[in-house]
Visitor: 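Below is one structure. I have some questions about it.
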Amino acid sequence: MAFIARKSMQLIVAFFVLIAISALPALVAQMKFNPASYIEGLKQQFAQLAKLDEITYFNVSAQKEVLLLPSLQPYIQETLIIFTIAMIVSAISAILYAYLFYRSGRRTRTLLKQATRTLEMVPDLFWIIFSQFLVIYLFKMTGYSKIEIAGTYADSIRFLPITTLTLTTLFFFIKWLTTQVLEQESAPFLELARAKGIQPTALFWKHLLPTMVYRFYLFFRANIITILSSLLIIEYTFQVQGLFRFVLQFGQMPILMVVLFLIYLPIFIMDLLAEWLIPNAWKGGI
């Protein structure tokens, strides 16, 4: 009961916060801060809640005003595909790296840590430019032209955005996981398992990894804004027909409010399911 009350309160607070954020463009009127204009913008946003299905935007292809909500489905789909695949690939790759790190000796660990620290400092923009450069170089050397470096209104682009988002999050995940391995490998429960003769492979997959699942989820949840900001840059740079690029093109306050709701609600549902489905034994008293 306490869990339901806590999550309900979280949803209500988030609801008001998102509306307040969506009204921020009204805070600046004629290049000056205008609190009165912001208050009026808030009133307009709350009034708009009763008629979300009436919000429209100007469709460039159709050259006319069209309803927002029915038109968002393909944009949501593109963003969801890129985000989901990139996160799955990043998480699996980081876990495999953590296993390699766990089984490595001191010298190999030092080399791995130095390499990942260097790669983690590489800015997102570098991976975007680097991936496009590789595609262009591949085309010049081989004539292979199946990989697009930018999208259009008619065509989707997925491979490079997925690859870039995977790289920008992979080293982020790796740093956290290797830190956890170093902290947990001398824990009493692992020492007891070693004393019972359990092999290192089983120690990692059956004992160490489950203790990190919930902590990794909390780490991911705390840094979701950073990941989404990287996705925004990627969508804009590669001209992906996704949700973030859409809101950059059509940034009116009602549209911004709808998009913020569409981004937050899946995250809230994911958090709800994670809290409910992850076993208490894996939470380790957190």
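None of the values given here were measured: they were computed from a predicted structure.
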Visitor: Mind listing the closest non-hydrogen atom pair of P161 and V240 along with its distance?
Guide: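 Scanning both residues, the minimum pair turns out to be CG-CG2, 3.6 Å.
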Visitor: Kindly determine whether I227 and L231 satisfy side-chain contact (heavy atoms from CB on, under 4.5 Å), including the steps that lead there.
Guide: CA-CA 6 Å; I227 297 171; L231 181 55; 5.8 Å; no
Visitor: Any link between L111 and L100 through a network of hydrophobic side chains (Ile, Leu, Val, Met, Phe, Trp, Tyr) touching at under 4.5 Å?
Guide: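 No, L111 and L100 fall in different hydrophobic clusters.
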Visitor: Taking side chain as C-beta onward, heavy atoms only, is L228 less than 4.5 Å from F83?
Guide: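 Heavy-atom side-chain distance check passes, below 4.5 Å.
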Visitor: Could you check I55 against Q48 for side-chain contact (heavy atoms from CB on, under 4.5 Å), going step by step and ending with a plain yes or no?
Guide: CA-CA 8 Å; I55 298 175; Q48 193 70 61; 3.4 Å; yes
Visitor: Please check if the number of heavy atoms outside K7 that lie under 6.0 Å from its NZ is greater than 12.
Guide: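 For K7, atom NZ is crowded (more than 12 foreign heavy atoms under 6.0 Å).
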Visitor: Check each of Q241, R158, Q73, R245 against E78 using the side chain to side chain donor-acceptor pair (under 3.5 Å) test, and report the only one that passes.
Guide: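 Only match with E78 under side chain to side chain donor-acceptor pair (under 3.5 Å): R158.
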Visitor: Does one hydrophobic cluster hold both L67 and L52, with members joined at side-chain heavy-atom distances below 4.5 Å?
Guide: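 Per the 4.5 Å side-chain linkage, L67 and L52 are not co-clustered.
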Visitor: Looking only at non-hydrogen atoms, find the nearest pair between G41 and A26 and report the distance.
Guide: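 Scanning both residues completely, I find the closest heavy atoms to be CA-CB, 4.1 Å.
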Visitor: If you look at every heavy atom in T168 and S230, which pair is closest and at what distance?
Guide: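 Smallest interatomic distance, heavy atoms only, reads OG1-CB, 4.4 Å.
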Visitor: Parallel, tilted or perpendicular: which describes the rings of F216 and F173, with under 30° parallel and over 60° perpendicular?
Guide: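 Rings of F216 and F173: perpendicular, over 60°.
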Visitor: What side-chain donor-acceptor pairs closer than 3.5 Å can you find for residues 196-204, not counting sequence neighbours?
Guide:
residue : atom : partner : partner atom : Å
T201    : OG1  : Y99     : OH           : 3.0
T201    : OG1  : R103    : NH1          : 3.0

Visitor: Do L182 and F101 have side-chain heavy atoms sitting under 4.5 Å apart?
Guide: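 They are in side-chain contact.
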Visitor: Would you sort out whether T178 and L112 count as a side-chain contact (heavy atoms from CB on, under 4.5 Å), showing the intermediate values?
Guide: CA-CA 10 Å; T178 51; L112 290 173; over 6 Å; no
Visitor: Let me have the donor-acceptor pairs involving side chains of residues 252-269, under 3.5 Å, with sequence neighbours excluded, atom names and distances please.
Guide:
none

Visitor: Taking the side chain as every heavy atom from C-beta outward, state whether M87 and T169 have any pair of such atoms under 4.5 Å apart.
Guide: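 Yes. Closest side-chain heavy atoms under 4.5 Å.
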Visitor: About how many Å separate CE of M212 and OG1 of T179, when rounded to the nearest 0.5 Å?
Guide: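 Going from OG1 on T179 over to CE on M212, the span is 11.0 Å.
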Visitor: When you check the gap from the basic side-chain N to the acidic O, do E183 and R215 get nearer than 4.0 Å?
Guide: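 R215 and E183: not salt-bridged.
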Visitor: So E275 and Y214, side-chain hydrogen bond (donor to acceptor under 3.5 Å, both in side chains) or not? Walk me through it.
Guide: CA-CA 9 Å; E275 293 285 350; Y214 186 64; 3.2 Å; yes
Visitor: Once rounded to the nearest 0.5 Å, what's the spacing between atom CD of Q45 and atom CD1 of I21?
Guide: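 CD1 of I21 is found 11.5 Å from CD of Q45.
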Visitor: Over all heavy atoms of both residues, which pair between T166 and S90 is shortest? Give the atoms and the distance, please.
Guide: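 Taking T166 first and S90 second, the nearest heavy atoms are O-OG, 3.1 Å.
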Visitor: With sequence neighbours excluded, what pairs up with K206 under the salt bridge (charged side-chain N to carboxylate O under 4.0 Å, His left out) test?
Guide: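 Partners of K206 by the salt bridge (charged side-chain N to carboxylate O under 4.0 Å, His left out) criterion come out as none, since no residue qualifies.
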Visitor: Mind checking the CZ-CD1 spacing from R117 to I174? Nearest 0.5 Å is all I need.
Guide: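 These two atoms lie 13.0 Å from each other.
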Visitor: Taking it one step at a time, do S131 and F238 satisfy side-chain contact (heavy atoms from CB on, under 4.5 Å)?
Guide: CA-CA 11 Å; S131 62; F238 286 111; 3.6 Å; yes
Visitor: Between I95 and L177, which heavy-atom pair has the shortest distance, and what is it?
Guide: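 Looks like N-CD1, 3.8 Å.
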Visitor: Return the CD to CZ distance between Q249 and F244, rounded to the nearest 0.5 Å.
Guide: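 So the CD of Q249 and the CZ of F244 are separated by 14.0 Å.
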Visitor: Below 4.5 Å, heavy atoms only, C-beta onward: do L248 and E235 meet side chain to side chain?
Guide: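 Side chain of L248 against side chain of E235, heavy atoms only: no contact under 4.5 Å found.
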Visitor: For F246 and F250, I'd like to know if the aromatic rings sit close, meaning centre-to-centre distance below 6.0 Å.
Guide: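 Yes: the rings meet the under 6.0 Å criterion.
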Visitor: Kindly compute the distance separating CD1 (I162) from CG (L167), expressed to the nearest 0.5 Å.
Guide: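 Taking CD1 in I162 and CG in L167, the distance rounds to 12.0 Å.
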Visitor: Would a hydrophobic clustering, with Ile, Leu, Val, Met, Phe, Trp and Tyr connected at side-chain separations under 4.5 Å, put M270 with L80?
Guide: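 Unlinked, M270 and L80 end up in two clusters.
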Visitor: Would you mind telling me which of F220, Y97, F219 makes a ring pair (Phe, Tyr, Trp, His ring centres under 6.0 Å) with W176?
Guide: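 Of F220, Y97, F219, ring pair (Phe, Tyr, Trp, His ring centres under 6.0 Å) with W176 is met by F219 alone.
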Visitor: So which atom in F171 and which in T116 form the shortest heavy-atom distance, rounded to 0.1 Å?
Guide: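 Answer, listing the atom of F171 first, then T116: CB-O, 4.5 Å.
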Visitor: Hey, quick one: are L243 and F58 part of the same hydrophobic cluster, counting side-chain heavy atoms closer than 4.5 Å, chains of contacts allowed?
Guide: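 L243 and F58: separate clusters.
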Visitor: CG of L49 to CD of Q44: how many Å apart, nearest 0.5 Å?
Guide: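 Going from the CG atom of L49 to the CD atom of Q44 covers 12.5 Å.
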Visitor: Specify whether F126 and F130 have parallel, tilted or perpendicular ring planes, treating 30° as the upper limit for parallel and 60° as the lower limit for perpendicular.
Guide: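 Plane angle under 30°, so parallel.
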